[in-house]
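Predicted model, so just to flag it, every value in this text is computed and none were measured.
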Amino acid sequence: MTRRCARRMTPGRTYAVAMSYTKKNLRDVEDVAVQHGLSERQEARFAQRDLAAEQTGLNFLTVKPGRREAFAHHHRTAEEIYVVLAGSGRVKLDDDLVDLAPLDAVRVGPGVVRSFEAGADGLQVLIFGPHVEGDAEVVQGFWDEA
């Protein structure tokens, strides 16, 4: 659902005001993990386009119970905020392992490599950050030393 215009009323006057918003249930956003053969490990729903967001990126990540994300990544310039919605697990940030529980919020700055591991109950994370095209770099073998 997208709305682009609204009516404002003040005593004796009604006028149109430019207003823009988009509502989308995150379960209705395509799970891109399916098209990349990663469904055994995770779901990844990137909602930026579905929400018609111009500057903000949003990802709804679900890591399956006892699994790790398929790969790690870092950003050259973007800062991200991760909010645990449900489940438990940990996130590896460079060489640090950080335990996670519902409603924990973690800010990760540019350059820090990150990847999630779910506990026995799985892990659901909402990820916010600026949308910077081509800013992310995938890091393979990140958990090998953990």
Side-chain angles (χ1 to χ4, degrees), residues 1-94 96 98-140 142-143:
M1 168 200 296
T2 300
R3 185 164 184 182
R4 299 266 181 225
C5 185
R7 294 234 178 259
R8 300 283 170 135
M9 296 175 64
T10 57
R13 255 173 69 172
T14 300
Y15 52 95
V17 175
M19 183 171 101
S20 175
Y21 70 85
T22 308
K23 177 186 180 267
K24 183 79 172 186
N25 187 294
L26 295 177
R27 289 276 178 213
D28 295 333
V29 173
E30 179 184 11
D31 176 10
V32 298
V34 171
Q35 54 183 268
H36 296 287
L38 304 175
S39 294
E40 286 185 19
R41 295 175 176 263
Q42 66 196 53
E43 295 177 13
R45 301 172 190 277
F46 294 90
Q48 184 215 2
R49 286 192 183 107
D50 292 77
L51 291 170
E54 297 175 9
Q55 300 176 27
T56 305
L58 176 67
N59 179 10
F60 177 42
L61 174 67
T62 301
V63 182
K64 307 271 174 104
R67 303 302 301 256
R68 291 179 175 156
E69 277 189 279
F71 53 84
H73 77 284
H74 69 86
H75 292 276
R76 287 184 279 287
T77 63
E79 170 183 80
E80 290 182 317
I81 296 177
Y82 299 86
V83 179
V84 177
L85 299 178
S88 65
R90 56 191 188 161
V91 61
K92 184 175 180 192
L93 304 169
D94 285 338
D96 291 345
V98 178
D99 290 328
L100 298 171
L103 297 182
D104 281 348
V106 180
R107 182 204 60 85
V108 180
V112 176
V113 180
R114 75 281 319 252
S115 183
F116 289 91
E117 177 181 62
D121 49 351
L123 183 65
Q124 289 187 337
V125 181
L126 204 52
I127 304 165
F128 301 90
H131 177 73
V132 181
E133 197 67 40
D135 185 56
E137 183 177 330
V138 171
V139 176
Q140 299 291 346
F142 182 59
W143 285 94

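- Atom CG of N25 is separated from atom CZ of R45 by 9.5 Å, given to the nearest 0.5 angstrom.
- At least one side-chain heavy atom of R76 sits under 4.5 Å from a side-chain heavy atom of E137.
- In this structure, CG on L58 lies 5.5 Å from CG on L26, to the nearest 0.5 angstrom.
- Nearest heavy atom pair, residue L85 against residue P102, reads O-CB, 4.2 Å.
- Within the 4.5 Å cutoff, the side chain of Q42 has no heavy atoms near those of the R67 side chain.
- E30 has its side chain out of reach of R49: every pair of non-hydrogen atoms, C-beta onward, lies at least 4.5 Å apart.
- With sequence neighbours left out, the side-chain contact (heavy atoms from CB on, under 4.5 Å) criterion links V138 to F71, Q140.
- The side-chain heavy atoms of V108 and V91, taken from C-beta on, include no pair separated by under 4.5 Å.
- Other residues, nucleotides and ligands place more than 12 heavy atoms under 6.0 Å from the CD atom of Q35.
- For the salt bridge (charged side-chain N to carboxylate O under 4.0 Å, His left out) test, no residue two or more places apart in sequence or in another chain qualifies with R41.
- Here the shortest heavy-atom pairing between A70 and L38 reads CB-CD2, 3.5 Å.
- Exactly one residue among V106, L61, I81 makes a side-chain contact (heavy atoms from CB on, under 4.5 Å) with I127. That residue is L61.
- Nearest heavy-atom pair across D135 and T77 is OD1-N, 2.8 Å.
- To the nearest 0.5 Å, atoms CG (D31) and CD (E43) are separated by 5.0 Å.
- Within the model, atoms CG of L51 and NZ of K24 stand 8.5 Å from one another, a figure rounded to the nearest 0.5 Å.
- D104 places a side-chain N or O within donor-acceptor distance of the main-chain N or O of A101, the cut-off being under 3.5 Å.
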Donor-acceptor contacts, no H, no angles, side chain residues 113-125, under 3.5 Å, sequence neighbours left out:
unit_1, atom_1, unit_2, atom_2, d
R114, NE, H73, O, 3.4
R114, NE, V112, O, 2.8
R114, NH1, E80, OE1, 2.7
R114, NH1, Y82, OH, 3.0
R114, NH2, G109, O, 3.1
R114, NH2, V112, O, 2.9
S115, OG, W143, NE1, 3.0
E117, OE1, R90, NE, 2.3
E117, OE1, R90, NH2, 3.0
E117, OE2, R68, NE, 2.7
E117, OE2, R68, NH2, 3.0
D121, OD1, S88, N, 3.4
D121, OD1, S88, OG, 2.7

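- Heavy-atom minimum distance, G111 versus D94: O-OD1, 4.3 Å.
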